[in-house]
Amino acid sequence: MTLELYYYDECPYCQIVLQAIDQTKLRDKITFKNTRKDPKNREKLVADTGRGTVPCLYIDGEPMHESRDIANWLKANASKLA
């Protein structure tokens, strides 16, 4: 399963997701795409979803927005991903 997180560090909603990633020990299973450090990441996010909002977790190419939804998904699927 391919996981890509579009985020930036200063975003409080991204911090919810990053905390869930640390709690589930999935950091090495996710590719991180910072939208502030690399404008190409934001451009791809907008092109794909029509939104520039983060966090956005791509799960096998399918985007999921909303920090709580992402955190819940990570926690529910952690055992499958580990």
Side-chain angles (χ1 to χ4, degrees):
M1 183 172 291
T2 304
L3 301 174
E4 294 179 315
L5 179 66
Y6 285 72
Y7 79 107
Y8 62 88
D9 292 316
E10 303 81 9
C11 168
Y13 300 105
C14 296
Q15 290 302 315
I16 293 168
V17 173
L18 293 170
Q19 217 171 24
I21 290 168
D22 287 340
Q23 289 170 353
T24 55
K25 298 177 175 37
L26 293 174
R27 192 164 281 274
D28 64 332
K29 304 289 184 193
I30 299 169
T31 302
F32 294 87
K33 305 279 189 165
N34 191 308
T35 59
R36 288 220 168 142
K37 290 184 179 176
D38 188 346
K40 290 179 185 173
N41 290 333
R42 186 174 190 287
E43 291 168 15
K44 179 180 178 354
L45 182 61
V46 172
D48 287 353
T49 68
R51 300 167 58 175
T53 56
V54 292
C56 181
L57 180 67
Y58 280 74
I59 306 162
D60 287 336
E62 292 296 318
M64 175 188 287
H65 283 94
E66 303 303 326
S67 57
R68 297 280 180 209
D69 293 343
I70 295 168
N72 289 337
W73 186 91
L74 289 167
K75 290 172 185 176
N77 290 281
S79 61
K80 293 182 221 172
L81 300 168

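Owing to the predicted nature of the structure, the values given are computational and were not obtained by experimental measurement. Just so you know, these numbers use all the heavy atoms, side chains as well, and skip hydrogens, waters and symmetry mates.
Between Leu5 and Leu18, the closest side-chain pair of non-hydrogen atoms falls below 4.5 Å. For the pair Gln23/Leu74, no side-chain contact is recorded, criterion being any heavy-atom separation below 4.5 Å from C-beta on.
Trp73 and Ile16 fall into different hydrophobic clusters, defined by Ile, Leu, Val, Met, Phe, Trp and Tyr side-chain heavy atoms under 4.5 Å apart, directly or through other members. Hydrophobic clustering (side-chain heavy atoms under 4.5 Å, transitive across Ile, Leu, Val, Met, Phe, Trp, Tyr) groups Leu81 together with Leu57.
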Practice item. Evaluate side chain to side chain contact (heavy atoms under 4.5 Å, CB included) for Arg36 paired with Asn41, printing each intermediate quantity in order. Key: CA-CA 8 Å; Arg36 288 220 168 142; Asn41 290 333; over 6 Å; no

Review point. For Ile21 and Phe32, what are the C-alpha separation, side-chain angles and deciding distance, and is it a side chain to side chain contact (heavy atoms under 4.5 Å, CB included)?
Key: CA-CA 11 Å; Ile21 290 168; Phe32 294 87; 3.9 Å; yes

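In this structure, Asp38 contributes its side chain and Asn34 its backbone to no donor-acceptor pair below 3.5 Å. Between the side chain of Glu4 and the backbone N or O of Ile59, no donor-acceptor pair lies under 3.5 Å.
No donor-acceptor contact under 3.5 angstrom links the side chains of Arg51 and Thr49, judged on distance only.
Under the ring-ring contact (aromatic ring centres under 6.0 Å, His included) criterion, Tyr58 pairs with Tyr6, sequence neighbours left out. Residues forming a ring-ring contact (aromatic ring centres under 6.0 Å, His included) with Tyr8 (at least two apart in sequence, or on another chain): none.
Taking NZ from Lys75 and CG from Leu26, the interatomic distance works out to 11.5 Å, rounded to the nearest 0.5 Å.
Val17 and Pro55 get closest at one heavy-atom pair: CG2-CG, 3.7 Å.
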